**Student:** 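My structure is below; once you've seen it, I'll send some questions.
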Number of protein chains: 2
Amino acid sequence: MTEEEYLKTYDSSEFQKPSVAVDLVLFTVRKEELQVLLTEREQYPYIGRPALPGVFVRMEETLDEAAQRALYQKTGLHDIYFEQLYTWGGLDRDPRMRIISVSYYALVPESQIPETEQKKFFPVREILQREDIAFDHREIIAYGRERIRNKVSYTDIAFSLVPEEFTLPQLQKIYEILLGQKLYKANFRKKIADKIYQTEHFTSGTKHRPSRIYRKKD
Amino acid sequence: MTEEEYLKTYDSSEFQKPSVAVDLVLFTVRKEELQVLLTEREQYPYIGRPALPGVFVRMEETLDEAAQRALYQKTGLHDIYFEQLYTWGGLDRDPRMRIISVSYYALVPESQIPETEQKKFFPVREILQREDIAFDHREIIAYGRERIRNKVSYTDIAFSLVPEEFTLPQLQKIYEILLGQKLYKANFRKKIADKIYQTEHFTSGTKHRPSRIYRKKD
DNA sequence: TATAGCAAGTAGCAAATTAATACTAACTTA
DNA sequence: TAAGTTAGTATTAATTTGCTACTTGCTATA
């Protein structure tokens, strides 16, 4: 029997195992910037430092369920877009013990944000140049931003960052922020024309021409 | 309580933990098809069934290292393209116990394939309609193929499936198989022109015009 | 030693998409 | 009523992609 075969048949309880956690990168767009929810750590290690919200995975819940739980516990939110990001397995991620962290990211429109003293949004741009973020969470956030940047162009994830009813200038702004570049108005509209439908309503109270309100198809 | 005191009192073993494994999806292109390496399971569960090669993650190795180890143990290969795919955390993936599997995929040119009786390549197309694949490995393979299909168009992963020296018809065929569609010769060449450089060599022994041999830039 | 067969490789145009600019429309405020 | 401001549309240029037809260099065979 090879070593590998031996390992596969062992009684799992006799061996040391890593802990498995889920960390959540909750993105929103606010003040023309991509932002992420960070909590203040209340325990060692990294006490007092900003960190991603996370939970340990329980034996009776799937990873997706753990991610949902983290989302709900920390934000009260439900039914928003989320997806697995990457699994981080470095040896010294946590000084207490070996922890493998399965990261998820979620996208939420600005309006739904329930901030508290312990849980605040910070611009990604700012986070990435700070030195005080707990664990490897800065790296996770950077990776998440990259994933979003890629997916924006070939999926509809941008719609998850906008309310059900939105204007095209609003939606375009989201695309621009995620992609990190200006887009041409006319071209942008041609491209998403088949993914949306117009309502009979318009914005009001603006100093200029009102813009039509749209909804996503399906 | 100081940080030091806290670390001393923290006993990570009081909680039950899932086991963590790494499963490897080794892709190659052979006989004009995308194929995957499967091993025959020699133990319960799913004894005798085809499964992805995998190992349990050791406490002293990272996930990437475990994936490398699986790759090397099962194939003797080293230094080939590999990347984390997805982490599978369903409750009943394995009847023995809760196992969380971090899947990786790797790409290898056909020439380097070391097959044995226990380790053979199978066409993905065929695998996906079989019912006897162990665990949730069929799903993992399908997911891997999807990932590749996406990444082909915006990265250079296709080059990992071809030897260092290759012809353009050869490379084009790889793209076509990964994308699942025919490409136009002239356009294909324009598109990858800046990623390759020509050598002074040509194929020989063909019944027709020889094709020039190229290499990837960088 | 032609010439037919065959895949490699190139030229070039049509169609569609993307880049870019300029315009018109609808509102508020002075 | 005019100026300011952003929404929305029209239009053209540039680039990319879709597609067809051609030329090239080899082998096999007549």
Side-chain angles (χ1 to χ4, degrees), chain A residues 29 31-32 110 149-156 158-159 162-217, chain B residues 29 31-32 110 149-156 158-159 162-217:
Chain A
V29 169
K31 305 214 180 100
E32 316 243 310
E110 185 187 357
R149 207 169 258 175
N150 282 329
K151 289 202 92 169
V152 164
S153 33
Y154 66 94
T155 70
D156 293 344
F159 286 89
V162 112
E164 291 211 350
E165 302 209 313
F166 52 85
T167 68
L168 294 188
Q170 214 182 334
L171 184 63
Q172 182 175 344
K173 195 77 205 175
I174 299 286
Y175 270 89
E176 289 176 345
I177 289 166
L178 298 187
L179 291 168
Q181 63 176 9
K182 269 293 241 174
L183 300 177
Y184 294 101
K185 200 167 29 167
N187 296 338
F188 175 74
R189 283 158 189 249
K190 276 182 226 160
K191 206 152 193 185
I192 60 157
D194 57 329
K195 298 178 177 172
I196 58 177
Y197 63 89
Q198 56 175 49
T199 69
E200 294 311 310
H201 308 125
F202 293 83
T203 55
S204 60
T206 56
K207 212 174 77 175
H208 51 276
R209 177 177 177 174
S211 66
R212 189 182 276 279
I213 290 172
Y214 290 80
R215 290 176 148 269
K216 186 171 186 306
K217 273 191 190 160
Chain B
V29 170
K31 307 215 179 96
E32 317 242 311
E110 185 188 357
R149 206 167 260 175
N150 282 329
K151 288 200 93 169
V152 163
S153 33
Y154 66 94
T155 69
D156 293 343
F159 287 89
V162 112
E164 291 212 349
E165 303 209 313
F166 53 84
T167 68
L168 294 189
Q170 213 182 334
L171 184 63
Q172 184 176 342
K173 194 79 206 173
I174 299 286
Y175 271 89
E176 289 176 347
I177 290 165
L178 298 187
L179 291 169
Q181 63 176 9
K182 272 291 250 174
L183 300 177
Y184 294 101
K185 202 165 28 165
N187 294 342
F188 176 74
R189 283 159 190 248
K190 276 181 226 159
K191 204 151 192 186
I192 60 156
D194 57 329
K195 297 179 177 171
I196 57 176
Y197 63 89
Q198 57 175 46
T199 70
E200 294 311 309
H201 308 123
F202 293 82
T203 55
S204 60
T206 57
K207 213 175 78 175
H208 52 274
R209 176 176 177 175
S211 67
R212 189 182 276 278
I213 290 171
Y214 290 80
R215 290 175 148 269
K216 185 171 188 308
K217 275 191 190 160

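Keep in mind it's a predicted model, so treat the numbers as computed, not measured. Just so you know, these numbers use all the heavy atoms, side chains as well, and skip hydrogens, waters and symmetry mates. Just so it is clear: chains get the letters A, B, ... in the order the sequence lines come, proteins before strands, and each one is counted from 1.
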**Student:** Could you check how far CZ of A:F202 sits from P of C:dA26, rounded to whole Å?
**Tutor:** 9 Å

**Student:** According to ring-ring contact (aromatic ring centres under 6.0 Å, His included), who are the partners of B:Y214, at least two apart in sequence or on a separate chain?
**Tutor:** none

**Student:** Each nucleotide N or O in nucleotides 11-16 of chain C that has a protein N or O under 3.5 Å away: list the pair and distance.
**Tutor:**
none

**Student:** Does NZ in A:K191 sit with more than 12 non-hydrogen atoms of other residues, nucleotides or ligands closer than 6.0 Å?
**Tutor:** no

**Student:** Which residues satisfy the side chain to side chain contact (heavy atoms under 4.5 Å, CB included) test with A:H208, sequence neighbours excluded?
**Tutor:** A:T206

**Student:** Are any of B:Y184's side-chain N or O atoms less than 4.0 Å away from OP1 or OP2 of D:dC19?
**Tutor:** yes

**Student:** Within the structure provided, determine whether A:P163 and A:Q170 are in side-chain contact (heavy-atom separation under 4.5 Å).
**Tutor:** yes

**Student:** Using whole Å, what does the distance between atom P of nucleotide D:dA7 and atom CD1 of A:I213 come to?
**Tutor:** 13 Å

**Student:** In this structure, how many angstroms lie between the C1' atom of C:dT17 and the CZ atom of A:F188, rounded?
**Tutor:** 16 Å

**Student:** Using a cut-off of less than 4.0 Å, is there contact between a side-chain N or O of A:R189 and OP1 or OP2 of D:dG8?
**Tutor:** yes

**Student:** So which of residues 169-182 of chain A are in contact with DNA chain D, with a heavy-atom cut-off of under 4.0 Å?
**Tutor:** A:P169

**Student:** Base contacts versus sugar-phosphate-only contacts with protein, heavy atoms under 4.0 Å: please encode nucleotides 22-30 of chain D as B, S and - from 5' to 3'.
**Tutor:** --BBBSS--

**Student:** Round to a whole Å and report the spacing from OH of A:Y214 to P of D:dA7.
**Tutor:** 12 Å

**Student:** Where the side chain of B:R212 meets the backbone of B:T199, is there a donor-acceptor pair that is under 3.5 Å apart?
**Tutor:** yes

**Student:** For A:K191 and D:dT16, what is the distance between atoms NZ and P respectively, to the nearest whole Å?
**Tutor:** 14 Å

**Student:** Please report, rounded to the nearest Å, how far the P atom of C:dA26 is from the CZ atom of A:R212.
**Tutor:** 11 Å

**Student:** Give a yes or no on whether the backbone of A:S211 and the side-chain of A:T203 come within a donor-acceptor separation of less than 3.5 Å.
**Tutor:** yes

**Student:** Going by atom type alone, with no hydrogens or angles, which donor-acceptor pairs under 3.5 Å involve a side-chain atom of residues 171-186 of chain B and a protein atom two or more places apart or on another chain?
**Tutor:**
residue: B:Q172; atom: NE2; partner: B:E176; partner atom: OE2; Å: 3.1
residue: B:Q172; atom: NE2; partner: B:L183; partner atom: O; Å: 3.0
residue: B:K173; atom: NZ; partner: B:E32; partner atom: OE1; Å: 3.3
residue: B:E176; atom: OE2; partner: B:L183; partner atom: N; Å: 3.1

**Student:** So A:D156 and A:K216, do their side chains get closer than 4.5 Å, heavy atoms only?
**Tutor:** yes

**Student:** Looking at side-chain heavy atoms only, is the closest gap between B:V29 and B:V162 below 4.5 Å?
**Tutor:** no

**Student:** Within 45° of the axis and under 6.0 Å from the centre of the six-membered ring of B:Y197, does NZ or CZ of B:K217 qualify?
**Tutor:** no

**Student:** Could you check whether any side-chain heavy atom of B:I196 comes within less than 4.5 Å of a side-chain heavy atom of B:F159, counting everything from C-beta outward?
**Tutor:** yes

